[in-house]
Amino acid sequence: MKTLLKWLFRLVATLVVVGIVLGIWHREKLTRLQAVNSLFSEEKIVGNFSAMGGMFETVAMPRGDGPISPLPAGPTYDLPTNVQDWIVARNITGLVILQNGQLRHESYYLQDPDSAQTAQRISWSVAKSYLSILVGTLLEDGTIASVDDPVTKYAPQLTGSAYDSATLRNVLNMSSGVVFDEDYLDFWSDINQMGRILALGGSMDGFTADLTETFADAGETWEYVSIDTHVVGMVARGASGRSVPDLLNERVLQPLGLEGSPYYVADGYGVAFVLGGLNVSTRDYARFGAMVAQGGEWNGNRIVTEAWIADSFTPSAPTAAGEIGYGYQWWIPQGSDEGVAMGRGFYGQYIYIDRVRGVVIAVNAADRAVRDDGVGDQNIALFRQIAEGL
């Protein structure tokens, strides 16, 4: 009888412990899911965009022991009078303008001024342009043989998926032909389902490999589908045998001498959310842009070839006539001078680069009206105005 009671006591104790563990696990998952569902709410969006590390799994990228690269002050630049109205209308949180590596303007809004300069802000799709630069380094040293290699050569998990016939060039260009609904306002869209998988600790690789539908042959037409960038990341990981955060930090970020330590949002398997999960300070976004504007060099160090930047800035994607151009994970605005391109992220994140004028404009925002008609064109027009007026 005593043995039976002892066994029952141990069983109950074990069940209690398991229940507590499961409760904590589910509470954490539910908290993350709630964070996703309120991520863009009007009252939380500004704070959320500087606090992603508290809501999701993350992968840190320590800045290392190297010196911080200087951003020397250039001649005083007064913003055009119309810019202040734009700052308010677009819910701008950070604005840094460089010219030829010199700081011409820096200002922050809507947040605690004591921490605004150092806050690590979510990039959203500006992260795609970082990944493009990393791919350039992997092509240069032969880790990836060619942009025309099939993605399945490096990511065999995609064999039999919608990406079975796509090349690296196709996914860099957003011309995979894969069906992926990117409507952020539709709860059941693919992009929002992906967000919930991310929050609940699922696998981004598994989600991608489960996509089976295409609307066109690879390379035939252009449609912006962010999941293509995840495939670029899968190729980088498969070719190198290393994670994107490790590669990006070693090859690109640490050589820039950043002020802070960036981090990626990650899935439950530690895989970085490379299509939009990079978090960096506005000043450090500007440093990255300045390196690109200078043809891939920073402080005398060659980070990526100028040829790769030129190729990436070429509107090579098969966009329709009259549409904005797209290169290798960089946007090329219509009517732009040679050497103009930008990284662009949802809710108003930008790194606008004018290589000829040496201008870099780094913007962080929490603009819930970013999809309104004309907003994107207005932003680009303002960036051009600033670049041409410096």
Side-chain angles (χ1 to χ4, degrees), residues 45-56 58-74 87 90-99 101-131 133-134 244-245 248-266 272-274 276-294 298-299 303 342-353 359-367:
I45 187 170
V46 171
N48 284 346
F49 280 14
S50 296
M52 302 295 285
M55 294 182 282
F56 296 94
T58 61
V59 179
M61 292 181 285
R63 68 166 305 280
D65 299 326
I68 295 172
S69 64
L71 289 179
I87 286 168
R90 302 277 64 86
N91 241 30
I92 302 301
T93 54
L95 174 62
V96 174
I97 303 171
L98 304 182
Q99 186 176 33
Q102 294 184 321
L103 185 63
R104 300 295 306 274
H105 175 84
E106 180 177 19
S107 56
Y108 300 94
Y109 312 91
L110 303 176
Q111 291 187 321
D112 183 351
D114 293 334
S115 59
Q117 190 179 83
T118 58
Q120 305 287 298
R121 296 182 171 86
I122 184 69
S123 63
W124 296 123
S125 289
V126 170
K128 295 176 169 70
S129 300
Y130 278 76
L131 188 59
I133 295 299
L134 175 61
V244 167
L248 185 69
N249 205 30
E250 176 188 290
R251 294 177 175 233
V252 179
L253 299 182
Q254 286 191 355
L256 291 177
L258 304 184
E259 296 180 28
S261 293
Y263 66 90
Y264 269 112
V265 169
F273 186 55
V274 296
L278 184 64
N279 292 261
V280 184
S281 74
T282 310
R283 288 169 67 90
D284 286 340
Y285 283 122
R287 280 184 172 85
F288 171 79
M291 177 273 292
V292 175
Q294 293 171 187
W298 186 249
N299 289 342
I303 291 176
M342 61 187 186
R344 180 169 71 173
F346 207 43
Y347 294 94
Q349 326 313 315
Y350 287 91
I351 301 177
Y352 180 90
I353 298 171
V359 173
V360 173
I361 304 171
V363 178
N364 287 112
D367 184 8

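Heavy-atom basis, side chains included; hydrogens, waters and symmetry copies ignored.
Nearest heavy-atom pair, Ala266 versus Val59, reported as atom, atom and distance to 0.1 Å: CB-CG2, 3.7 Å. Heavy atoms only, all atoms of each residue included: Ile122 and Gly276 are closest at CD1-O, 3.3 Å. Across all non-hydrogen atoms, the minimal contact from Gln117 to Ser281 is O-CB, 3.9 Å. Among all heavy-atom pairs drawn from Ile351 and Gly289, the shortest one is CG2-CA, 3.8 Å. Ile303 and Pro255 get closest at one heavy-atom pair: CD1-CB, 3.9 Å. For the pair Ala365 and Gln349, the tightest heavy-atom approach, listed with the atom from each and the gap, is O-NE2, 2.8 Å.
Take Arg63 and apply the side-chain hydrogen bond (donor to acceptor under 3.5 Å, both in side chains) test, not counting sequence neighbours, and it matches no residue. Residues passing the ring pair (Phe, Tyr, Trp, His ring centres under 6.0 Å) test with Phe273, sequence neighbours excluded: none. Residues meeting the side chain to side chain contact (heavy atoms under 4.5 Å, CB included) test with Thr93, sequence neighbours left out: Val46, Leu110, Arg121, Asn364. Arg283 pairs by the side-chain hydrogen bond (donor to acceptor under 3.5 Å, both in side chains) definition with Glu106, Glu259, not counting sequence neighbours. A search for ring pair (Phe, Tyr, Trp, His ring centres under 6.0 Å) contacts involving Trp298 returns nothing, not counting sequence neighbours. For Tyr285, there are no ring pair (Phe, Tyr, Trp, His ring centres under 6.0 Å) partners, not counting sequence neighbours.
Side-chain contact between Leu103 and Leu98 is present, with heavy atoms from C-beta onward closer than 4.5 Å. Within the 4.5 Å cutoff, the side chain of Leu256 has no heavy atoms near those of the Asp284 side chain. Residues Leu278 and Met61 have side chains in contact (heavy-atom distance under 4.5 Å, counting atoms from C-beta outward). Here the side chains of Ile68 and Arg287 are in contact, with some heavy-atom distance below 4.5 Å. Side-chain contact between Pro262 and Val280: present, with at least one pair of heavy atoms (C-beta onward) separated by less than 4.5 Å. Side chains of Arg90 and Val363 form no contact here, defined as non-hydrogen atoms less than 4.5 Å apart.
Using a distance-only test at 3.5 Å, with no hydrogens or angles considered, no donor-acceptor pair links the side chain of Gln120 to the main chain of Ser50. Judged by distance alone, the side chain of Tyr263 and the main-chain N or O of Gly53 form a donor-acceptor pair under 3.5 Å. Judged by distance alone, the side chain of Gln254 and the main-chain N or O of Pro62 form a donor-acceptor pair under 3.5 Å.
Rounding to the nearest 0.5 Å gives a distance of 10.0 Å between CD1 of Ile133 and CG of Leu248. Here Ile361 contributes atom CD1 and Gln99 contributes atom CD; the two are 10.0 Å apart, rounded to the nearest 0.5 Å. To the nearest 0.5 Å, the span separating CG on Leu95 from OH on Tyr108 amounts to 9.0 Å.
Of the options Asn249, Asn279, Thr58, Val244, a side-chain contact (heavy atoms from CB on, under 4.5 Å) to Tyr264 is made by Val244 and by none of the others.
Note: Trp124 and Tyr347 have tilted aromatic rings, judged against thresholds of 30 and 60 degrees for the angle between ring planes.
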